[in-house]
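To start, the structure under review is shown below, and the notes come after it.
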Amino acid sequence: MYPILPERPADAAQIDTLLDLTFGSDRTRKTVYRLREGVAHLKPLAFVVRDEDGGVLGSIRYWPVAIGDAGTPAIMLGPVAVHPDYQGQGLGRALIRHSLYTATRLGHGLCILVGDRPYYEPFGFVGAADRGLEMPGWVERERFQVMELAANALQGVAGMVGKPPKGRKKAAA
Ligand SMILES: CC(C)(COP(=O)(O)OP(=O)(O)OC[C@H]1O[C@@H](n2cnc3c(N)ncnc32)[C@H](O)[C@@H]1OP(=O)(O)O)[C@@H](O)C(=O)NCCC(=O)NCCS
């Protein structure tokens, strides 16, 4: 099994290539990219899997977001990608498990994502629209998901997902 390692600045170009390969080069048209524009990803939650030569085989990143009028801090999982030649070996699940564990340990309370429900349900994600959350653009209702990393973190939280207020470095619990 390949170890899960912190992303390094030098990985960035390879990660872009991997994301173009797995999601297509038009990936930035998606609604989630509107929430990422101009906002740095959360470095403590950026992980990669590398081969012996340093080639990036898998990557996961998270972005800080804020929910509703109260601007409740949350994190947005993704993109997560594994090189097609290495898919189906557990790397994606390992990247997700490790990063969600780290996020919980760091005190983040809520995680959202847009992705395939059957893949994320086993981690504990549930429908976000059913819980009163909204995305600022079109996403398939079924694919919009949320998970509490801290007990009852969703209580009283509803409304539109947006970018975090400027100046906030970290999405706190
Ligand atoms: C999704 C992705 C990250 C999974 O990584 P991976 O290393 O192949 O996944 P794992 O080996 O940990 O898990 C494989 C299992 O997940 C299932 N799976 C993979 N993608 C799935 C999906 N989109 N929906 C449902 N199940 C999925 C596989 O069928 C397999 O099931 P099994 O263990 O019962 O055989 C990878 O396939 C990928 O990069 N895909 C292209 C980019 C992408 O779609 N990213 C996620 C956006 S939602």
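Order of listing sets the numbers, starting from 1, for every ligand and every atom in it.
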Shortest protein contact, atom 3 (C) of ligand 1 (heavy atom only): Val80 O, 3.9 Å
NZ/NE/NH1/NH2 to OD/OE distance under 4.0 Å, Arg27 and Asp16: yes
Taking atom 11 (O) of ligand 1 as the reference point, the nearest protein heavy atom with its distance: Gly90 N, 2.6 Å
Ligand-side contact atoms (ligand 1) for residue partner Gly115, heavy atom cut-off under 4.0 Å: 48 (S)
Heavy-atom neighbours of Asp26 CG exceed 12 at 6.0 Å: yes
Non-hydrogen protein atom less than 4.0 angstrom from atom 39 (O) of ligand 1: yes
Nearest non-hydrogen protein atom, atom 41 (C) of ligand 1: Thr22 CB, 3.8 Å
Side-chain donor or acceptor of Gln87 paired with backbone N/O of Val82 under 3.5 Å: yes
Atom 7 (O) of ligand 1 - nearest protein heavy atom and its distance: Gly92 N, 2.8 Å
Backbone N/O of Val56 and side chain of Gln14: donor-acceptor pair under 3.5 Å: yes
Residues Arg61, Glu7: salt bridge by 4.0 Å N-O rule: yes
Any non-hydrogen protein atom less than 4.0 Å away from atom 30 (C) of ligand 1: no
Hphob cluster co-occupancy, Ile4 + Tyr101, side-chain heavy atoms under 4.5 angstrom: no
Nearest-contact summary for atom 44 (O) of ligand 1 - protein heavy atom, Å: Phe23 CE2, 3.9 Å
Ring-ring centroid check Tyr62 His41, cutoff 6.0 Å: no
Non-hydrogen protein atom less than 4.0 angstrom from atom 25 (C) of ligand 1: yes
For atom 22 (C) of ligand 1, the protein heavy atom that lies nearest, with its residue and separation: Asp116 OD2, 3.4 Å
The one among Arg97, Arg93, Arg143, Gln145 that brings a heavy atom closest to atom 12 (O) of ligand 1: Arg93
Any donor-acceptor pair under 3.5 Å from Tyr119 side chain to Arg93 backbone: yes
Sub-4.0 Å protein heavy atom next to atom 18 (N) of ligand 1: yes
Protein heavy atom at shortest distance from atom 8 (O) of ligand 1: Gly88 N, 2.8 Å
Which of the ligand 1 atoms, numbered from 1, are nearer than 4.0 Å to a heavy atom of Ala81: 39 (O)
Under 3.5 Å: N/O of Gln89 near N/O of ligand 1: yes
Any donor-acceptor N/O pair, Thr17 side chain to Ala13 backbone, under 3.5 Å: yes
Nearest non-hydrogen partners of Pro136 and Leu35, listed with the distance: CG-CD2, 3.9 Å
Nitrogen or oxygen of Val82 less than 3.5 angstrom from that of ligand 1: yes
Closest protein heavy atom (residue, atom, distance) for atom 20 (N) of ligand 1: Tyr119 CD1, 4.0 Å
Val146, Leu154, Val157 screened by side chain to side chain contact (heavy atoms under 4.5 Å, CB included) with Ile67, the one that passes: Val157
